[in-house]
Visitor: 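The structure that follows is given in the form of C-alpha cells.
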Amino acid sequence: MGRTRQAAGEAGKGCDGYFSFFSFLLYFMRFLPGWETTFRLPLGEVLSIIRPFHPRLGASMTQKKLTGAEIRQTFIDFFVEQKHTFVPSASLVPGGDSTLLFTNAGMVQFKDVFLGTDKRPYTRAVNSQKCMRVAGKHNDLEDVGRDDFHHTFFEMLGNWSFGDYYKKEAIAWAWQLLTEVWGLPKDKLYATCFKDEKGTIPADEDAAEIWKQQPGFDPSHVLFFGRKENFWEMAETGPCGPCSEIHIDRGEEFDNLAGKPHRCGVNGECTRFLELWNNVFIQYNRSGPDSLEPLPATHVDTGMGFERIVSVLQGVDSNYKIDLFQGALEAVRALTGDSVEQMYANFTPYRVIADHARAASFLIADGVVPGNVGRNYVCRMIIRRAARFGTKLGLREPFLAKVGEAIIAAYGDFYPELEKNRQPILDNLRREEIRFARTVESGTAFLQGLLDELKKSGQKVLDGRKAFDLYATYGLPFEIARDIAREEDLEVDEAGFRAGMEEHRLASGGGKAMGKLGGEDAEFYAGVLKGLQKAGELGPEGVAHNPYEWMQVEAPLLALAADGELLTEVDAGDRVEVLLPKTGFYVESGGQVSDTGSIRAADGSWEIEVDEMRKPSAGVIVHVGEVVFGHPKAGDPAIASVDAARRHDIMRNHTATHLMHAALHQVLGEHARQAGSLVAPDRLRFDFNHPEAMTPEQIERVERLVNEAVAADMLVMPNLKAREEAIAEGAMALFGEKYGETVRTITIAPESETDRHSYELCGGTHLERTSDVGVFLIVSESSAAAGVRRIEAVTGRGAYELIARRFKAIKQAAAALKSAVDEVPARVETLQNELAAARKQIAAFKTELALSTFNVQLSSVQTVNGVHLLVWEFPGADKDTLGQLADKFREKYPQNGVCVIGAVDGEQVIVMAAVTQDLIKRGIRAGDLAGHVSRQLGAGGGGAPHLAFGGGKDAAKLPAALASVRSWLEGKIK
RNA sequence: GGGGAUGUAGCUCAGCGGGAGAGCAGCGCCUUUGCAAGGCGAAGGCCACGGGUUCGAAUCCCGUCAUCUCCA
C-alpha cells in the first residue's frame, strides 16, 4: 500500500486536491465516541475550520491526504495483490454491442464472459471503467448538475471473478479494503443482503453469515431487502443472482432532509446513508419468468461509484467537491471572478459545466465527436448544455476548452487517451460552442419575430408549441427562449412546450434503429459445442480457425443445423448451417466482410454454396449456405474452399485501407482517425473524423501517397503480441473494437519493422506486399455525419474497371470534340465560353429584330374611345421578347395605352397584355385581359395589372381570340 | 431510423405562381482626401439536382442530395 502513504515532503503534488489531511481527520473524528456531543458542528462550520488549510487560500499545507488518483490506484493495487489482472477501461463506445449507446457499467466489457460466448486468459479481474449514463430512468440529462451526486460520465471501480472465488472472498476483501486500507469506521458500515419478498427465490443467508464473521462488523448491521434492491438481472433471461450492498452512515449532519419527515436509513430517502459498493453474486440462469437454474460456475461482479467513494474518503458533501473536479471548477471560477463562497452559493452551473466538460472530453477522446446522430448527438447536447449554463454565469465567449484542459490535467495520467487527443478535444469543444452560438443567434432572430407579433396582439404568454417548434427546428433551447422573453416582460408557456415535445417524441418514435439482438441461438450452439467436445470431436478451443493460411481444408461435416435444430441429412435447395472442426473462412470483423465459397463432398456427391459466416457462441463458427445439389449428411468427409479470387480482392482493399489511413494522417493530421470501415471485394469505404470537406487537392494527395506506397512494394507483416506492448509501440487501435490480451498487428514497412509506414491492430487478411494492390483510386469523398467524412475507393480489378470505363468516356468525348484527350478540358471550356457568347448574341439579335419589326407595327395602333390599342400576332417571339416589346410600347404611349401581342413559339401559344398606369386606375387590368384572351385558347392567364401573360396550346384559335380584345376593351371603357 | 427548417450573385439574405433583386465584397471610372469615405457604371445567376402540376415554377407538389435542428 506504499502509494497511499506518501511522505509529507512530497505533498507539493498533493496540492491539487481540495481538502487537507486535516479535513480528513475531522471527518473521522466525528465517528469517535462522544464526538457528537462534544464537538458537533454543522458542515458550514467544518468548512470554515478547514478553509485556512485550503491550498489556494494561502495556508501552507504540509500534511498528506488521499487524492482521487491515489484512491483509484489503491483499489487496483489491492485487488492485484489478490491475484487479479488489471484490465484497462474499455472504450465508452461498446465494442460489438449495438443495443448499447455507451458503456454504462463496469461489466459491459465482460458481458460475453458471463454469457459464455467469450473467454479470457484470467479468472480474476479488476478495473476502473469509464461509464456514461445520459438517458433512462436513473439519469435525465436535464437533472445532472442540479444535485451533488448525478453525473453523465463517471468511473466505476470493480473486481470480478469468472467462475473463480465467490462470496466469502469477495466480502472479506471488500471489508478489508474499506476498513483497513481506507480506514472507514467499522461501526458506520451496513451490509444489505437479499431476501425475496415473494418467497420464491431462496434468501442469501450465505452472504449474511459471511458478513457477520467479518472482524469488527456489527452483526445487527446486516439488513435484508427484496428484489428491487438486492437481486440483479442482466436481462429478461440470462445470468442473474443476489447482491450484497455496503452502505455507510455519514452522520446526521449529512442529512439533507433533516427536520422534515422522511425515511432516514439504509436505502432511505436522504443523503445521510450512502450506498458505496454493490457486490453481485451470479449463481442462477434465468430461462423464463418463473424458472431459475443454478449455474455450474458462479461469478462475482462488483461496482463501486468512484466519485462517491472519493467524496466519502475526502470527507466532502458533494461529488463535485472531490479533488479531481477542482481544476475544472477553478478554471470556470477564474473566468467568472466568483469567490469560492459565491461559487457554492450558485453551484449548479459550476457542477453542470464541470461534469459536462469531463464527459465531453472523454467522449471525444474515444472518437465520439459532436454531431447530429446517435452518440455524436449526445456529445453535442452535453457540450451545448454546458455552454448554456456558462451563459448563466455570464460567459459569452467559448470557454469549455479551458475546462477541458483542467480535465485532461486531472485525468490524463490514468487515461492516456485524453493526453493523446488533447488537440481534438479542445478543438471540438471550441468548435461546438461556436456552432451553438450561431444556432442560438439565428433562433433568437426567429423568436424575436414571434415576440413582436405577441406584443402587437397585446398578449403576454408565448404559445409553448411555437416555442417548441423553434427548438425542434432551430435548436433554440426552451430556457434561452424563456430568458429572452422575460427580458421583454413576456412569458413562455412551459406546459405547451412539454406537450409539443411529447407529440414530437411520439411522431419520431416510429422508426426504431434497433439492430438485431443476435445471440438467440447462442445457447443452442454452446450446447452443440459441449456435446462435440465431450465426444472428442472438438478440442477445448472449439472450432480451429485460421483465415490467414487455410484457403482450403479437408474435414468431416461435424454438424448440420437449421432453425436451432440439429439435422442428420439435408436436401438440395435447403438453407443450412454447417459446423466443421476447422475452417479458413473469414468471419466479418473489423469492417472486413465474411468470405464466401463452397463446401463439397470429398466424393463429389454434393455441394453447399456458403454465402454467410456466423460466430454464434465462443468457440463456434458456422458456415451458412444453400445446398446446390446432393444430400449432405452429418459425418460426410468434405472439402471447404474459400472463394479465392473474391478473397484476393478483399485483401487488396484491406491493405489499401491501411495505406489510406496512414496517408490521411499525413495529409490531414493525427485527428483523422478511423470512425468506421467497410472492406468488401468490390470497394472499400472508410469513415474518419475530420471537421470539414477535403479539398480536391487533399484528395488527390491522399490518392497519390497511397499509390506511391503501393509502387514502393513494401512488406505487409502480421505479428502477434501482447496488446499492451503493441499499444505502447504506437500501434493504431480503433474505438468500438474489442481486443483480447493478445492482438494481431499489421505492419507495413519498406524493409524492416523499425521504419514503419503503417502500424495497426487488425485481425483482417492482408496482402504480402503492397504492390499487389495494383492501383488505388478514390471514387468519392462525402459526409457521413457531422464531423465525419467518408471516402469510397477501389483497387485492383475494381480500379481497372473504373479506369477502363472512364477512359472510354473521355476518348469518346475527345473524338466528338475532335481534340486530343489531354486537351479535352481546355476545349470544353472554350466551347462553353463560345456557347454563352453566341447565346447572348442570338438573344440580342432576336430582341433587335423584334423591336425593329415592332416599330413598324406601332404605326398601326387603333384608337378605341381615346385609348391607344395595339393588337398583334408576332410569330416566334418568346416571353422575354414580349416583355421588352411591352416596354417599348409604353415608351411610345406612356398613357392611354393597351397592347396585346400573341405569339406562337413551337407548340406553345403565348399571350402578353400590357396596360399603362393611368388605365389601371380606370379598372383596366392587364391580368384580366390576359385571362380573357387565354380562356379562349383553352387555358388560363394572369399577372400584374400592368403586365400579364397567358397562353394555350391551340394556335388556330389565336386570331379569333386576339380579335375579341377590341370589344372587351370597349366594354370596359364606357 | 423519424419529424421540422434551409439550399437564390463571391458573402449575408429578400422575393414565395406572372419580366431574377438588395446590401456588402470584387472590378472600372469620377470626386474627395490626413485617414475614413462618397458618386457613377458595368460585370457577376442551370434560383441545389431530378420529376410533376400549370398557359406560365426560383415560387406549389413529389423524389434525391447537402447543410442546420429536434426526437429515438
Side-chain angles (χ1 to χ4, degrees), chain A residues 98-99 101 134-136 141 370-378 380-381 384 432 435-436 438-443 445-446 465-478 497-498 500-515 692-693 780-787 789-790 832 835-836 839-840 847 877-888 890 902-914 925-955 957-958 961:
Chain A
S98 58
T99 63
L101 200 58
V134 287
L141 182 59
N372 57 2
V373 281
R375 298 180 180 107
N376 304 66
Y377 181 63
V378 172
R380 158 177 289 179
M381 287 322 287
R384 292 189 171 196
E432 188 53 35
R435 234 185 314 216
F436 181 51
R438 219 166 41 208
T439 61
V440 167
E441 201 178 318
S442 67
F446 278 92
R465 273 160 210 279
K466 281 187 184 166
F468 177 75
D469 283 344
L470 208 58
Y471 174 60
T473 310
Y474 301 105
L476 186 74
F478 174 78
F497 185 90
R498 305 243 165 269
M501 174 86 101
E502 196 49 38
E503 255 171 51
H504 180 56
R505 199 192 302 276
L506 292 175
S508 303
K512 279 271 186 289
M514 289 280 277
E692 61 206 2
S780 72
E781 191 270 354
S782 59
S783 154
R789 304 302 301 178
R790 168 172 293 175
Q832 274 175 332
L835 184 64
R839 276 188 180 148
K840 229 175 230 180
T847 309
D878 58 26
K879 211 168 148 181
D880 277 355
T881 311
L882 291 176
Q884 277 163 325
L885 296 186
D887 288 343
K888 185 89 184 168
R890 273 189 300 234
V904 181
D905 189 10
E907 276 187 23
Q908 179 81 36
V909 182
I910 308 173
V911 176
M912 184 280 295
R925 280 182 291 269
D928 297 342
L929 182 50
H932 172 74
V933 178
S934 305
R935 271 191 295 280
Q936 299 174 57
L937 302 171
H946 72 288
L947 182 74
F949 292 91
K953 304 277 185 208
D954 197 346
K957 290 182 181 160
L958 183 59

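The shown structure was predicted, so the numbers you read here are calculated from the model rather than taken from an experiment. Quick note: numbers below take in every heavy atom, side chains included, and nothing from hydrogens, waters or symmetry partners.
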Visitor: Nearest-nucleotide wise, let me know which of A:Val909 and A:Phe446 is further upstream toward the 5' end of RNA chain B.
Guide: A:Phe446
Visitor: Tell which nucleotide pairs with B:C47, taking only Watson-Crick or G-U wobble pairs whose two distances are both under 3.5 angstrom.
Guide: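 Partner of B:C47: none found under 3.5 Å.
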Visitor: Under 4.0 angstrom, heavy atoms only, what part of the nucleic acid is A:Arg890 near: base, sugar-phosphate, or nothing?
Guide: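 Base, at least one base atom sits under 4.0 Å.
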Visitor: Taking any heavy-atom pair under 4.0 Å as a contact, classify A:Phe949: base, sugar-phosphate, or nothing.
Guide: base
Visitor: A:Tyr471 OH to B:G3 C1': how many Å, rounded?
Guide: 14 Å
Visitor: Reading RNA chain B from 5' onward, which residue's closest nucleotide shows up sooner: A:Thr473 or A:Ala886?
Guide: A:Thr473
Visitor: So if I take every side-chain heavy atom of A:Thr439 and compare against B:C68, B:G56, B:G2, which nucleotide ends up nearest?
Guide: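 Looking only at side-chain atoms, A:Thr439 lies closest to B:C68.
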Visitor: Describe the nucleic acid contact of A:Gly942 in one word from base, sugar-phosphate, nothing, applying a heavy-atom distance below 4.0 Å.
Guide: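 Since a base atom lies under 4.0 Å of A:Gly942, the category is base.
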Visitor: Counting only Watson-Crick or G-U wobble pairs whose two distances fall under 3.5 Å, which nucleotide matches B:C60?
Guide: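 Its partner is B:G52 (Watson-Crick or G-U wobble, both distances under 3.5 Å).
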Visitor: Report the base-pairing partner of B:G26 (Watson-Crick or G-U wobble, both distances below 3.5 angstrom), or none.
Guide: none
Visitor: Please classify the nucleic acid contact of A:Gly951 as base, sugar-phosphate, or nothing, using heavy-atom distances under 4.0 Å.
Guide: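 It contacts base atoms.
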Visitor: Keeping A:Arg890 on the side-chain end and A:His946 on the backbone end, is there a donor-acceptor pair under 3.5 Å?
Guide: yes
Visitor: Quick check: are there more than 12 heavy atoms from other residues, nucleotides or ligands sitting under 6.0 Å from CD of A:Glu502?
Guide: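 Correct, the count exceeds 12.
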Visitor: If B:U67 has a Watson-Crick or G-U wobble mate with both distances under 3.5 Å, name it; if not, just say none.
Guide: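 Base-paired to B:A5.
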Visitor: Regarding A:Arg935, tell me which of base, sugar-phosphate or nothing describes its non-hydrogen contacts under 4.0 Å with the strands shown.
Guide: nothing
Visitor: Touch check for A:Ser934, heavy atoms < 4.0 angstrom, all strands: base, sugar-phosphate only, or nothing?
Guide: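 Since no nucleic acid heavy atom lies under 4.0 Å of A:Ser934, the category is nothing.
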Visitor: Could you tell me whether A:Asp887 contacts a base, only the sugar-phosphate backbone, or nothing, with contacts defined as non-hydrogen atoms closer than 4.0 Å?
Guide: base
